[in-house]
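Starting from 1, each residue takes its place in the sequence as its number.
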Amino acid sequence: MPSAAPWLLPDDPVERAVARAWSDRVNRSLCSPYYTILVRQEAAEREEGHATLLKGLARFSEELELRGGPFFFGDQVSIVDLTLVPWAF
């Protein structure tokens, strides 16, 4: 009997690798700059972190558009989307 629970990683091995790679990319391009904004004392460093964060969010948005969204893998929430949540909201 199929599970009604949503999957967080696709069944296809290539798509699973894509999900893992994008989750890592979200972590590096959004999480790190976010913490830079929070912990750096110098205004220039915080501004650089902010610019990097906005660039990462823009790149993720572009990828969503290419994939047909509203989520990374279409209509199903995945690990990639959940990796983004703390940094986007």
Side-chain angles (χ1 to χ4, degrees):
M1 181 162 128
S3 172
W7 49 265
L8 295 179
L9 288 169
D11 291 330
D12 178 67
V14 173
E15 289 296 303
R16 289 174 75 89
V18 168
R20 288 187 181 105
W22 266 94
S23 292
D24 183 60
R25 184 177 189 159
V26 165
N27 186 47
R28 291 173 190 253
S29 67
L30 301 175
C31 175
S32 295
Y34 182 82
Y35 280 110
T36 297
I37 295 167
L38 290 178
V39 301
R40 296 296 181 181
Q41 298 296 318
E42 298 294 324
E45 290 177 311
R46 290 193 309 270
E47 289 171 11
E48 182 180 338
H50 186 254
T52 303
L53 178 65
L54 291 178
K55 182 179 174 185
L57 287 169
R59 178 63 186 102
F60 187 83
S61 294
E62 290 169 7
E63 187 67 22
L64 283 182
E65 286 182 30
L66 291 173
R67 293 176 159 274
F71 302 109
F72 193 83
F73 286 105
D75 292 331
Q76 181 68 46
V77 173
S78 72
I79 193 70
V80 181
D81 305 296
L82 296 178
T83 304
L84 173 73
V85 168
W87 321 118
F89 295 99

More than 12 non-hydrogen atoms from neighbouring residues, nucleotides or ligands closer than 6.0 Å to CD on Glu62, yes or no? yes
Less than 4.0 angstrom from a charged side-chain N to a carboxylate O is my criterion; do Arg59 and Glu63 meet it? yes
Residues that Arg28 engages under salt bridge (Lys or Arg N to Asp or Glu O under 4.0 Å), provided they are two or more places apart: Asp24
Shortest non-hydrogen pair, Leu30 vs Gly56, comes out as CD2-C, 3.6 Å
Are Thr36 and Thr52 side-chain neighbours, meaning at least one heavy-atom pair lies under 4.5 Å? no
With rounding to the nearest 0.5 Å, note down the distance linking CG in Leu57 to OH in Tyr34. 11.5 Å
Roughly how far, to the nearest 0.5 Å, is SG of Cys31 from CG of Leu84? 11.5 Å
Exam field: side chain Arg16 to backbone Pro10, donor-acceptor pair closer than 3.5 Å: yes
Report yes if some heavy atom in the side chain of Trp7 is under 4.5 Å from a heavy atom in the side chain of Val77; otherwise report no. no
In terms of heavy-atom contacts, does CG of Asp12 have more than 12 from other residues, nucleotides or ligands at under 6.0 Å? yes
Should Pro70 and Asp75 count as side-chain neighbours, where that means a heavy-atom distance under 4.5 Å? yes
Is the Trp22 ring parallel, tilted or perpendicular to the Phe72 ring (thresholds 30°, 60°)? tilted
OG1 (Thr83) and CZ (Arg25) are apart, to the nearest 0.5 Å, by 13.5 Å
Flag the pair Val80 / Leu8 as yes when at least one side-chain heavy-atom distance between them is below 4.5 Å, and no otherwise. no
Side chain proximity check, Gln76 to Phe71, heavy atoms < 4.5 angstrom: no
So, Arg46 side chain and Gln41 main chain: donor-acceptor pair closer than 3.5 Å or not? yes
With clusters defined by side-chain heavy atoms of hydrophobic residues (ILVMFWY) lying less than 4.5 Å apart, directly or transitively, does Leu66 cluster with Val18? no
For a 4.5 angstrom cut-off between non-hydrogen side-chain atoms, does Leu9 reach Arg20? yes
